[in-house]
S.K.: 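Structure incoming, see below.
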Amino acid sequence: MTNIAMPPVDQAVIARRDEIVAGLVSILGAEHVISAEDERRAYETDALTAYRAVPLAVALPGSTEEVSRVLAFLNGTGAKVIARGAGTSLSGGALPSEDAVVLGLARLNRILDIDYGNRIARVQTGVTNVNITNAVSGEGFFYAPDPSSQLACTIGGNVAMNSGGAHCLKYGVTTNNILGVRMVLIDGKVVEIGGSEVDAPGYDLLGLVIGSEGQLGVVTEATVRILRAADGARPMLMGFDSAEAAGGCVAAIIASGIIPVAIEYMDRPAIKVCEAFAHAGYPLDVEALLIIEVEGSEAEIADLIAWITAIAEAFNPTTTRISQSATESAAIWKGRKSAFGAMGRIADYVCMDGVIPTSRLPEVLVKITEICESYGLAVANIFHAGDGNLHPLVLYDMNDPDQLSKAEYAGADILKACVEAGGCLTGEHGVGIEKRDLMTVQYSKADLDQQMRIKSIFDPGWKLNPAKVFPLDGRPTVAA
Amino acid sequence: MRLFAPATEAEAAGIVRAHPRIGLAIAGGGTRMVNHRNPALSARSLCGVRRYRPQDMTMTAAAGTPLSAIEEVLASHGQRLGFEPTSAIAGRSTIGAVAAMNLSGPRRPFAGSARDALLGLRMVTGLGERVSTGGRVIKNAAGLDLTRAIAGSFGSLAFITEVTFRTMPVPAAGINVVLPGMRASMLPAVAARLMLKGLPLTGAAHLDGVGLGGVAGAGPVALLRFEGSASAVAAAKRHLDSLDLAVAVHDGGDPWGIVARATVLAPGAGQALWRVTIPETAGGALAEQLAREGADVLTDRRGGLLRLRHGVDFARRLAALVAPMPGASASLEAGPPRAAILPDHNQPGAAMLARLKQALDPNAVFVAANRPGAAAA
C-alpha cells in the first residue's frame with residue numbers, strides 16, 4: 001500500500017463515459033481519441049510508477065484550437081482534465097484518475113519560429129526539451145534548462161513544473177528562460193501571456209503560470225529564450241574522502257566568486273552504479289565525487305580550472321581529473337544524466353528533490369543518511385550541489401510490501417529536514433501528488449489559502465489536475 | 001494626508017484590516033509617491049538585512065531596507081545584485097520598491113530582471129492576511145509562484161514586507177568602451193555580433209545629442225560594457241581594437257548610472273520623459289526616428305529600452321507610433337500627468353489581470369501610489 005490518499009472518484013462521470021468519448025471523437029476524430037482499456041492503460045502512470053489509475057479516455061489534440069474545443073466540451077461534463085507531455089514527471093504530475101480525461105500534447109510538436117536577432121524561439125509545447133537545442137545549435141545557440149530527462153520530456157511539462165537541470169546554476173531554471181505562453185483556460189478560452197522580453201507594464205501572469213502544474217490552464221505554445229552557446233566547455237572530476245570535504249569545497253568555490261556552469265555531486269553508492277552503467281571513468285575509491293563544468297574560451301577555461309583547483313586544495317581532493325576530449329566529456333555527463341535510470345537497474349527507489357542553502361550541505365547529508373538508516377533503508381545521493389538541490393534516492397524493494405511505505409516516510413522526513421534547514425520541498429520536480437501532503441511543512445494555512453484562491457479563480461470547479469499540489473484537507477468547497 | 005509606517009508585519013496586517021474601505025497607497029521610502037489623496041502605507045520602518053550567507057548566494061531583507069544599505073553589505077562580500085537596480089533617488093529607494101516595481105538596470109538583457117532574481121516574498125494581502133510565497137533558496141518549485149506575480153505590481157496587489165533575492169559575485173574584471181559616431185539603429189546588430197563572438201557583454205547603450213557626463217561629445221555615441229574573468233575582458237578589448245572602429249576606453253567613473261537613471265534627460269518646463277519597451281531589434285530604428293522628430297533619445301538594453309525627452313504634447317504622437325509595433329509599449333516616466341500614455345485596457349490579457357487583483361485584493365484596499373491606471377487593473 002501507498003501512503004498518499006486520492007480523492008473519491010466521481011461515479012457520475014464514469015457513468016457518462018460513452019457520451020464523453022463520443023464528444024471527444026466528434027471534435028478530434030476517432031484516430032485521436034483513445035478509449036480501449038488496454039490502450040488507455042499506457043497512460044495510467046508517469047515516472048512516479050508506484051501510483052497508477054487508468055483514465056476515462058485519452059484525447060490527443062493537434063492544435064491550440066482543438067485543445068480549446070476539447071476543454072470547452074469537457075468543462076460541461078464534470079470530467080477532470082490531466083494535461084500530459086511525455087509523462088516523465090517524478091512527482092506524479094501527470095498521474096490520471098478514473099474520472100479524468102488525459103489531454104496528451106505530444107502531437108503539438110512543431111517549432112514555429114526562431115528569431116536569432118532577438119534570441120527567442122516560439123514552439124508548441126509537445127516539443128521535447130532537447131529538440132529546441134537541436135533546432136538552434138547549428139547557429140551556435142541552445143536552450144539552457146536541461147533536465148536529465150531532456151531527451152524525452154516536453155517543454156510543456158518543463159513549463160508546468162518549472163524544471164531545472166544540471167546547468168541551471170549559471171543560466172537559471174525554466175521560469176528564467178520563458179518569455180511568453182499561449183494558454184487555454186478550462187472554459188476553452190485562449191489567452192496570450194507575455195510574448196517577448198520587454199518588461200511591459202502590467203502584472204506578470206507568466207511567472208504565475210510557470211510551475212503551476214496544470215492547475216490554471218493548458219499551455220499549448222511557449223516563447224523561449226535561446227542563448228549563444230559558449231565557445232567550449234570542460235568538465236572536471238574531483239574525488240574526496242568525505243561528504244564534508246566535498247560540501248566544503250562547493251561552498252568555497254561559490255564564496256570565491258566563481259559560478260561554474262554546473263557543480264554536480266555523487267556519493268559512493270551512486271558513483272558505483274553510474275560507473276557500471278556509463279563507464280565514465282569515475283573514481284571508485286572516494287566517498288564523494290564532484291563534477292564541475294566550466295565554459296568559455298580556451299584561455300578562460302584554463303583560468304577557471306586553475307582557480308578551482310587551487311581552491312579545492314584546502315579540502316584535500318584524492319583525485320582530480322580534467323576532461324581531455326569531447327568523448328571523455330560526453331562520457332562524464334552520460335554517467336550523471338543516466339544516474340536515475342542506472343540506479344533503477346539495481347533497486348526500486350523514490351527520488352527526492354529538496355533544496356537547502358548550500359552552506360548547510362555537509363550537515364544535511366549526514367542527517368539524510370541517519371534518516372534512511374532509521375528506516376533500515378539505503379540511500380544514494382546524486383544532485384546539483386551548486387544550488388543546493390538534493391536528489392537523495394531512497395532505495396527499496398517493491399516486492400516487500402512494507403518497504404515502499406517506509407521509503408515514502410523516509411523521503412518525507414528528508415524533505416522536512418530540508419525545510420528545517422531553511423530550504424524547500426522541491427527544486428525542479430514539482431509537488432504533484434508526491435509532496436502534496438507535505439506542503440503544510442513549507443507553507444502556513446494562510447499561504448496555501450492564498451494560492452488556492454488563485455487556483456479557484458482560474459479553475460472554479462477544480463477540474464484541472466485536481467488531485468495535485470494542495471493537500472486534500474483545507475480545500476475550498478467547490479460548487480457542483 | 002495620513003501615513004502609516006508599521007514596525008512589524010503583524011502591525012501592517014492590523015492596519016490593512018482596520019481600513020477595508022479607505023484605499024491605502026503603498027510606499028517604500030516614499031521616493032516616488034505622487035498619490036496624495038489616499039492614506040499611505042509605508043515600509044520605511046521595516047528595516048534591516050535578516051539573513052545573508054554569501055556562499056548561499058541569497059539575501060533576505062525587510063522591505064523598507066534602503067537599497068544603498070543592501071548594496072554596501074553585498075559589496076563587502078564581493079557580491080552584488082545582478083540585475084543592477086537603479087538606486088538613484090537620494091539613495092533612499094527601498095528593496096521592497098525594487099521588487100514592487102521590478103526595477104532592473106542596463107544589465108537586464110544579459111543577467112535577467114529583478115523578477116528573475118526574486119526568490120521569495122512575505123506580504124500582507126488586501127484581506128489583511130500575512131502570506132509567504134516562494135522560498136529562501138535558489139530553487140523552489142513548490143506551489144504557485146506568487147512571488148513573480150507580485151513583482152512589478154506597483155503595490156496594487158499586496159504590501160510587501162520582506163524580500164529574498166539571489167545575489168551574484170562581482171566579476172573579476174570589467175571595462176567600459178565608447179564607440180563615437182555609431183548610429184542607434186546599429187546597436188542591436190553590433191551587440192548581437194559581439195555576443196555571438198562569446199564576448200562577455202553586460203551593457204549596450206546609445207546616446208544621441210545628450211552627452212555622457214562630459215566624457216564624449218554631444219554627437220551619437222554607443223556605450224558598451226564587458227564584465228567577466230580577466231582573460232575574457234582582455235579578449236573583448238582585443239577584438240574591438242581589431243575592428244575598424246574608433247574605440248575609446250571610458251575610465252571616468254561609472255557611466256551606467258547616467259544610462260540607468262536617464263539623468264541627462266531630466267525634463268525642463270513643458271517637457272516630459274517617457275520610456276518605451278520594445279523588442280531589441282526594433283528599438284534602434286525607432287530611436288533614430290524619434291530623434292528625427294526632435295526627441296532627445298537614450299537607448300539601452302541593446303535596443304530593448306528607449307527613454308526620450310520631448311515637449312509634453314508629443315505624448316499623442318508617441319502613442320500613435322508605438323501602438324502598431326508588436327511587443328512595444330510606452331509610458332510616462334517624469335513630467336506632468338497630461339503627458340501620460342494610458343495602458344491599453346483592451347489588451348487581450350486585461351481580463352486575466354483583473355483575476356489576479358480579485359484573488360489578492362478583492363475589496364480593492366490597495367491603490368497604486370504612482371502608476372496611473374494600475375489600481376483599476
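Being a predicted model, the structure only gives us computed values, none of them experimental. Lettering follows sequence order; numbering is per chain, from 1.
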S.K.: With a 4.5 Å cut-off on side-chain heavy atoms, are A:Leu205 and B:Leu356 touching?
M.R.: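 Yes, at least one pair of side-chain atoms sits under 4.5 Å.
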
S.K.: Using modelled atom types only, decide if a donor and an acceptor are shared between the side chain of A:Asp204 and the backbone of B:Ala149 within a distance under 3.5 Å.
M.R.: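 Not confirmed, A:Asp204 side chain does not pair with B:Ala149 backbone.
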
S.K.: Quick one, B:Lys139 and A:Asp353 - any side-chain contact, counting heavy atoms below 4.5 Å?
M.R.: no

S.K.: How would you list, by chain and number, every residue that makes a ring pair (Phe, Tyr, Trp, His ring centres under 6.0 Å) with A:Phe458, sequence neighbours excluded?
M.R.: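 Per chain and number, A:Phe458 pairs via ring pair (Phe, Tyr, Trp, His ring centres under 6.0 Å) with no residue.
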
S.K.: Non-hydrogen atoms of chain B under 4.5 Å away: do they reach the side chain of A:Leu448, the backbone, both or neither?
M.R.: neither

S.K.: Among B:Ser104, B:Gly134, B:Ala117, single out the residue with the greatest number of heavy-atom pairs under 4.5 Å to chain A.
M.R.: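 Most pairs with chain A among the choices: B:Gly134.
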
S.K.: Below 4.5 Å, heavy-atom pairs only: which of A:Val355, A:Ile457, A:Thr358 has the largest tally toward chain B?
M.R.: A:Ile457

S.K.: I'd like to verify something: which residue of A:Gly207, A:Ser359, A:Gly117 has the highest number of heavy-atom pairs under 4.5 Å with chain B?
M.R.: A:Ser359

S.K.: Is any side-chain heavy atom of A:Pro357 closer than 4.5 Å to a side-chain heavy atom of B:Arg51?
M.R.: no

S.K.: Please determine whether side-chain contact (heavy atoms from CB on, under 4.5 Å) holds for the pair A:Asp115 and B:Glu280, giving the CA-CA distance in whole Å, both sets of side-chain angles, and the decisive distance to 0.1 Å.
M.R.: CA-CA 11 Å; A:Asp115 175 354; B:Glu280 291 163 352; over 6 Å; no

S.K.: Side chain, backbone, both or neither: which part of B:Asn102 has an atom under 4.5 Å from a heavy atom of chain A?
M.R.: side chain

S.K.: Measure distances from B:Leu305 to the heavy atoms of chain A and classify the residue's part below 4.5 Å as side chain, backbone, both or neither.
M.R.: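 Looking at B:Leu305, nothing touches chain A.
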
S.K.: Do A:Leu185 and B:Arg355 touch side chain to side chain, with heavy atoms closer than 4.5 Å?
M.R.: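 SC-SC contact between A:Leu185 and B:Arg355 confirmed.
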
S.K.: On a heavy-atom basis, which atom in B:Asp145 and which in A:Leu208 lie closest, and how many Å separate them?
M.R.: O-CD1, 3.6 Å

S.K.: Quick check: closest heavy atoms across A:Arg228 and B:Lys197, and the distance to 0.1 Å?
M.R.: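 Here A:Arg228 and B:Lys197 meet closest at NH2-C, 3.8 Å.
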
S.K.: Applying a heavy-atom distance below 4.5 Å, give me the residues of residues 437-447 of chain A that approach chain B, sorted by number.
M.R.: A:Met439, A:Gln442, A:Tyr443, A:Ala446, A:Asp447

S.K.: Can you tell which part of A:Ile193 gets under 4.5 Å to a heavy atom of chain B, answering side chain, backbone, both or neither?
M.R.: side chain

S.K.: What part of B:Met57 gets within 4.5 angstrom of chain A, counting heavy atoms only: side chain, backbone, both, or neither?
M.R.: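 Only the side chain of B:Met57 comes within 4.5 Å of chain A.
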
S.K.: Quick check on B:Thr58 against chain A: is it the side chain, the backbone, both or neither that has a heavy atom closer than 4.5 Å?
M.R.: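 The answer is neither part of B:Thr58.
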
S.K.: Determine all donor-acceptor pairs shorter than 3.5 Å in which one atom belongs to a side chain in residues 252-259 of chain A; sequence neighbours excluded.
M.R.:
| residue | atom | partner | partner atom | Å |
| --- | --- | --- | --- | --- |
| A:Ser256 | OG | A:Ile253 | O | 2.7 |

S.K.: Please check if any side-chain donor atom of B:Ser229 sits under 3.5 Å from a side-chain acceptor atom of A:Asp303, or the reverse.
M.R.: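 Distance-only check fails for B:Ser229 and A:Asp303.
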
S.K.: Provide the closest heavy-atom pair for B:Val137 versus A:Cys424 in the form atom of the first, atom of the second, distance.
M.R.: CG2-SG, 3.7 Å

S.K.: For the residue pair B:Pro279 and A:Asn118, what are the closest heavy atoms and their distance?
M.R.: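 Shortest heavy-atom separation between B:Pro279 and A:Asn118 comes out as C-OD1, 3.8 Å.
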
S.K.: Got a donor-acceptor contact below 3.5 angstrom from the A:Glu213 side chain to the B:Leu144 backbone?
M.R.: no

S.K.: I need the residue from A:Val431, A:Ile454, A:Leu425, A:Val209 with the largest number of non-hydrogen atom pairs under 4.5 Å to chain B.
M.R.: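 Highest number of pairs under 4.5 Å: A:Ile454.
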
S.K.: What heavy-atom pair brings B:Leu196 and A:Glu139 nearest, and what distance separates the two atoms?
M.R.: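 Heavy-atom minimum between the residues: CD2-O, 4.2 Å.
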
S.K.: Less than 4.5 Å to any heavy atom of chain A: does that hold for the side chain of B:Glu129, its backbone, both, or neither?
M.R.: side chain

S.K.: Using a heavy-atom distance cut-off of less than 4.5 Å, which residues of residues 170-177 of chain A contact chain B?
M.R.: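 When heavy atoms of chain B are the reference, residues 170-177 of chain A contributes A:Val173, A:Thr175, A:Asn176 within the under-4.5 Å range.
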
S.K.: Counting only non-hydrogen atoms closer than 4.5 Å, does A:Asp387 touch chain B with its backbone (N, CA, C, O), its side chain (CB onward), both, or neither?
M.R.: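 For A:Asp387, heavy atoms of backbone and side chain both lie under 4.5 Å from chain B.
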
S.K.: For A:Ala299, is it the side chain, the backbone, both or neither that has a heavy atom under 4.5 Å from a heavy atom of chain B?
M.R.: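 Contact with chain B involves both backbone and side-chain atoms of A:Ala299.
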
S.K.: Nearest 0.5 angstrom please: A:Gln450 CD to B:Ser132 OG, how far?
M.R.: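 It is 12.0 Å, given to the nearest 0.5 Å.
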
S.K.: Sort out for me which of A:Arg453, A:Arg360, A:Met161 touches chain B most, counting heavy-atom pairs under 4.5 Å.
M.R.: A:Arg453

S.K.: Below 4.5 Å from any heavy atom of chain B, which atoms of A:Asp231 appear? Answer side chain, backbone, both or neither.
M.R.: side chain

S.K.: Side chain from CB out, backbone as N, CA, C, O: work out which of these in A:Ser297 comes under 4.5 Å of a heavy atom of chain B, or both, or neither.
M.R.: neither

